[in-house]
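In what follows, a single structure is set out as structure tokens and then discussed.
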Amino acid sequence: MSAWAEVRQLQEELYNVQLQTAKNKLSERNCIAVIQRLINLGWLEVIFSCDGKEYITPKQLEKDVLDELYVCGGRVALTDLAQTLNVDYSHVEKKVNELLSRDITLSIHYGELISKQFFDNLAVEINETLQETGLLPLTQLSREVALPVATLSKELVPRVGEIIFGTYDKKTDTLFTAAFVERQAAKLRGACSAATRPIQLGKIMEAHGITPSLGHSCVKEMISAGRLQGQLQGQSNNPVFIPSLYTSSQNQWASSFYQQNGYITLEMMGNKGIDNPQSVLSQFNSAIMLPSGAVSEAAVAGVQSIVEEVIVSNSYIELVDWMFDWCLDTDEQKLIEMVLQHVEDDKYRVLPSRTIVSVSLLNMLLNSFDSKIEEKVKVDVGNPKILASLKKFDTAAAVIPDNKSSKKGKGGKKGKKGKARDDEDDIIIQPSLGPTYLSVSEIESELKRLQFFMENEPKEEETLVEVSNLLKKAAR
């Protein structure tokens with residue numbers, strides 16, 4: 001009881017003291033003078049308010065800045081701080097710089113002081129939005145929170161996996177959820193697997209509402225993992241997806257055509273959409289590579305046997321029907337040399353139209369004109385000029401140009417330039433008056449009446465013209 005009595009007595013004494021007025025009281029002017037004196041002596045550091053009616057110490061200013069930052073949710077503009085605290089902006093800026101040098105959880109962006117608390121709260125909100133939408137570009141978030149993408153990327157990426165549950169794409173500055181990525185990949189895999197022809201990846205993504213930035217990486221990953229059969233080609237911003245089914249069918253077509261025809265050209269493969277024809281040609285067995293494509297050794301060997309048989313049987317063959325209707329000019333000479341490499345040069349002649357004629361056939365044709373010449377001589381025997389011409393060839397031998405020079409000359413297709421050149425070392429065929437006395441057109445007409453050409457009519461009109469020219473030339 002005595003203890004409680006003492007407590008009550010002390011309370012009454014305190015109350016009485018509080019009721020008493022101070023005997024020594026300083027006026028406001030005196031207080032200002034005292035503070036000013038302390039400031040002048042350097043014993044006190046204060047910051048004046050904007051209106052000059054209040055003082056605040058630097059320590060208190062720091063406390064007020066941090067309190068205001070907390071109240072504003074971790075983000076406040078320095079201009080707002082100066083206005084709220086009623087101090088000059090320079091004092092606020094100086095104090096904020098001191099805080100930044102000591103506290104790594106604080107940062108300043110475009111005149112705003114931002115704390116770690118703000119980015120943590122922002123990360124929580126982003127995660128909620130991300131789980132609902134599955135996709136959140138930082139460009140969109142930048143417009144909403146009025147912060148640059150670089151700042152958001154720097155502050156939010158470390159929080160991915162801790163506060164934000166998703167995936168960050170650095171190339172596009174976009175956040176994804178794992179479920180969203182799986183849905184997009186499933187759409188792409190289904191659409192690409194159903195493709196039977198090359199198709200632009202952009203069209204697939206547009207048709208199925210797939211995010212372009214995510215679609216490219218998903219397709220590449222699925223192709224690398226073997227989950228999608230095909231390849232991407234073309235521009236990186238809009239590549240073309242080529243399914244393996246299409247590639248295999250094109251390669252199968254090329255192989256089938258080559259096996260059936262004995263040749264294939266780069267132009268044909270390009271028209272079929274084969275992007276890398278050289279790699280396809282390299283897979284063919286016994287293929288002879290040419291600038292225009294490839295020809296099989298079996299096809300060349302087959303033509304060789306036919307040409308050899310033609311020469312032995314005293315006939316001719318027009319090669320244009322066999323292999324020259326598809327190759328380039330540079331290929332023709334090479335193929336002719338391959339076909340004739342086992343035939344003696346004095347056994348054949350190559351016409352400009354790439355017709356190979358047996359020398360024996362040419363001799364037979366030369367001899368077939370003797371009776372025609374005799375008849376024409378009898379008619380023109382009274383003409384001195386004709387007699388002089390005939391006398392000149394009484395002892396002459398009919399010759400045909402050396403085939404070696406003909407092989408060196410460039411052969412051409414129908415309508416192309418080509419000629420069998422004359423050489424000094426002409427090969428003597430058989431002495432004959434020949435068709436020297438006739439014009440080329442007359443020689444051609446006579447050739448058409450021969451039983452040989454009636455049974456073996458040339459397929460090319462220029463063949464008989466070239467033979468006629470050769471016979472005319474040989475008898476000079």
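The figures that follow rest on heavy atoms only: side chains count, while hydrogens, waters and symmetry mates do not.
The shortest side-chain heavy-atom distance between Gln83 and Asn86 does not fall under the 4.5 Å cut-off. Contact annotation: the side chain of His91 never approaches that of Lys95 to less than 4.5 Å [non-hydrogen atoms, C-beta and beyond]. Leu156 places a side-chain heavy atom less than 4.5 Å from the side chain of Leu141. At least one side-chain heavy atom of Ser315 sits less than 4.5 Å from a side-chain heavy atom of Phe452. By the 4.5 Å heavy-atom criterion applied to side chains, Ser358 and Val310 are not counted as neighbours. The shortest distance between side-chain heavy atoms of Thr463 and Tyr316 falls below 4.5 Å. Side-chain contact between Lys347 and Val359 is absent, with no heavy atoms from C-beta onward closer than 4.5 Å. Residues Ile204 and Val219 have side chains not in contact (no heavy-atom distance under 4.5 Å, counting atoms from C-beta outward).
The structure places OG1 of Thr177 at 5.5 Å from CZ of Arg183, a figure rounded to the nearest 0.5 Å. Taken to the nearest 0.5 Å, the CG atom of Leu138 stands 5.0 Å off from the OH atom of Tyr168. One finds the CG atom of Leu365 at 11.0 Å from the OG atom of Ser360 (value rounded to the nearest 0.5 Å). With values rounded to the nearest 0.5 angstrom, Leu175 atom CG is found 9.5 Å from Asp169 atom CG. Here Asp80 contributes atom CG and Leu113 contributes atom CG; the two are 11.5 Å apart, rounded to the nearest 0.5 Å. The CG atom of Leu78 sits 4.5 Å away from atom OH of Tyr89, with the distance rounded to the nearest 0.5 Å.
What you find for Pro148 and Tyr110 is that their closest heavy atoms are CG-CE1, 3.4 Å. Contact detail for Pro458 and Leu464: the closest heavy-atom pair is CG-CG, 3.8 Å. Closest approach of Leu228 and Arg189 over heavy atoms only: CD1-O, 4.1 Å. Ala123 approaches Arg159 most closely through the heavy-atom pair CB-CD, 3.8 Å. Residues Gly230 and Ile223 come closest through the heavy atom pair O-CG2, 3.4 Å. The two atoms that bring Leu135 and Thr133 nearest to each other are O-OG1, 2.9 Å, heavy atoms only.
Side-chain atoms of Ser153 do not come within 3.5 Å of backbone N or O of Val149 as any donor-acceptor pair. Judged by distance alone, with hydrogens and angles left aside, the side-chain atoms of Ser193 form no donor-acceptor pair with the main-chain N or O of Gly190 at under 3.5 Å. Ser255 places no side-chain N or O within 3.5 Å of a backbone atom of Asn251 that could act as its donor or acceptor partner. Ser305 places a side-chain N or O within 3.5 Å of a backbone atom of Gly302 that can act as its donor or acceptor partner.
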Run Leu340 and Val350 through side chain to side chain contact (heavy atoms under 4.5 Å, CB included) and show every step you take. CA-CA 10 Å; Leu340 298 173; Val350 181; 3.8 Å; yes
Chi angles and distances behind the side chain to side chain contact (heavy atoms under 4.5 Å, CB included) call for Met364, Asn314: CA-CA 9 Å; Met364 181 191 71; Asn314 302 330; over 6 Å; no
Kindly determine whether Asn127 and Gln131 satisfy side-chain hydrogen bond (donor to acceptor under 3.5 Å, both in side chains), including the steps that lead there. CA-CA 6 Å; Asn127 183 62; Gln131 301 308 317; 3.1 Å; yes
Report the C-alpha distance between Tyr70 and Ser115 in whole Å, list the side-chain angles of each, state the deciding distance to 0.1 Å, and finish with yes or no for side-chain hydrogen bond (donor to acceptor under 3.5 Å, both in side chains). CA-CA 9 Å; Tyr70 178 80; Ser115 67; over 6 Å; no
Given the rule in the side chain to side chain contact (heavy atoms under 4.5 Å, CB included) test, do Val303 and Ile317 qualify, once you have shown the distances and angles that lead to the verdict? CA-CA 10 Å; Val303 177; Ile317 181 173; 5.7 Å; no
Take Lys59 and Lys63 through the test side chain to side chain contact (heavy atoms under 4.5 Å, CB included) and record every step on the way to the result. CA-CA 6 Å; Lys59 187 174 182 180; Lys63 181 178 181 300; over 6 Å; no
Set out, in order, the CA-CA distance, both residues' side-chain angles and the distance that settles side-chain hydrogen bond (donor to acceptor under 3.5 Å, both in side chains) for Gln260 and Ser256, then state yes or no. CA-CA 6 Å; Gln260 293 177 7; Ser256 177; 3.2 Å; yes
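Ring-plane geometry between His109 and Phe119 is classed as perpendicular, the angle between the planes exceeding 60 degrees on a 0 to 90 degree scale with a lower cut at 30.
Taking the six-membered ring for Trp and the full ring otherwise, Phe257 and Tyr263 have centroids separated by under 6.0 Å.
Side-chain N/O atoms of Asn121 and Glu125 include no donor and acceptor closer than 3.5 Å.
Residue Glu309 places its CD atom among 12 or fewer non-hydrogen atoms of other residues, nucleotides or ligands, all under 6.0 Å distant. Counting heavy atoms of neighbouring residues, nucleotides and ligands inside a 6.0 Å radius, atom CD of Glu144 exceeds 12 of them.
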